[in-house]
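First comes the structure, then the notes that go with it.
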Amino acid sequence: MSFIRKAKGTKIRKQSQRIYLCLDVRNIQDVDPLITDLLLPSVKEAYYVVSYLEMPGADSNEDLLRNELENTNVMALWVTEELLDFRRSCGHWPAEYQLARELSVPIIPIVEDEALFPAFSRFSGAVHGIARTDREYLLKYGQQLSSYLYTEDMIKLIREKAFTAEFF
């Protein structure tokens with residue numbers, strides 16, 4: 001099991017904020033377009049990386065997966081017919097999605113088409129998601145993402161004031 005990480009630019013910072021992309025292995029061809037969306041230029045005040053399993057659905061090491069998700073700010077769940085078929089046939093979600101819920105990692109479902117919302121809601125309950133077919137998809141995604149990531153200015157302020165009385 002190995003994780004792939006992608007970031008804006010060519011260098012990944014050691015203490016980067018993270019978005020974890022969860023998807024069905026049959027949708028691996030969607031990774032690059034999704035990462036382009038997830039690394040939104042409109043969220044330029046925040047630096048973050050997108051990580052995902054090289055082979056989604058492969059036997060996973062729960063400790064490594066737990067460590068990855070404990071260091072994740074938010075999960076983007078790519079909801080497709082294939083993912084819903086996996087849920088129907090196995091009776092459960094992929095391991096990383098289940099673990100993210102257990103760890104209370106915020107999850108932003110991104111549905112391939114808004115017609116999938118009813119089926120997804122039947123399995124997961126009422127969860128606010130975004131349809132990739134929505135005209136304002138990137139704007140809505142950026143707004144949701146901004147509520148889970150810290151801006152570079154905020155990180156700088158925390159580092160400067162963390163051990164001073166001024167912070168509190």
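Residue numbers count from 1 along this sequence.
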Can you list the residues that meet the side-chain hydrogen bond (donor to acceptor under 3.5 Å, both in side chains) rule with [X], with sequence neighbours excluded?
| X | result |
| --- | --- |
| Glu102 | Arg66 |
| Glu68 | Arg5, Arg18, Ser51 |
| Arg87 | none |
| Arg26 | Asp24 |

Glu114 CD: over 12 foreign heavy atoms closer than 6.0 Å: no

Check against ring-ring contact (aromatic ring centres under 6.0 Å, His included), His92 and Phe86: CA-CA 8 Å; His92 60 81; Phe86 175 84; 5.6 Å; yes

Partner set under salt bridge (charged side-chain N to carboxylate O under 4.0 Å, His left out) for Asp113, not counting sequence neighbours: none

Within-4.5 Å side-chain heavy-atom neighbours: [X] and [Y]:
| X | Y | value |
| --- | --- | --- |
| Asp134 | Tyr141 | no |
| Leu83 | Leu77 | yes |
| Val31 | Leu34 | no |

Side chain to side chain contact (heavy atoms under 4.5 Å, CB included) against Arg88, all qualifying residues, sequence neighbours excluded: Glu81, Leu84, Asp85, Ala119, Phe123

With Trp78 via ring-ring contact (aromatic ring centres under 6.0 Å, His included) - residues at least two apart: none

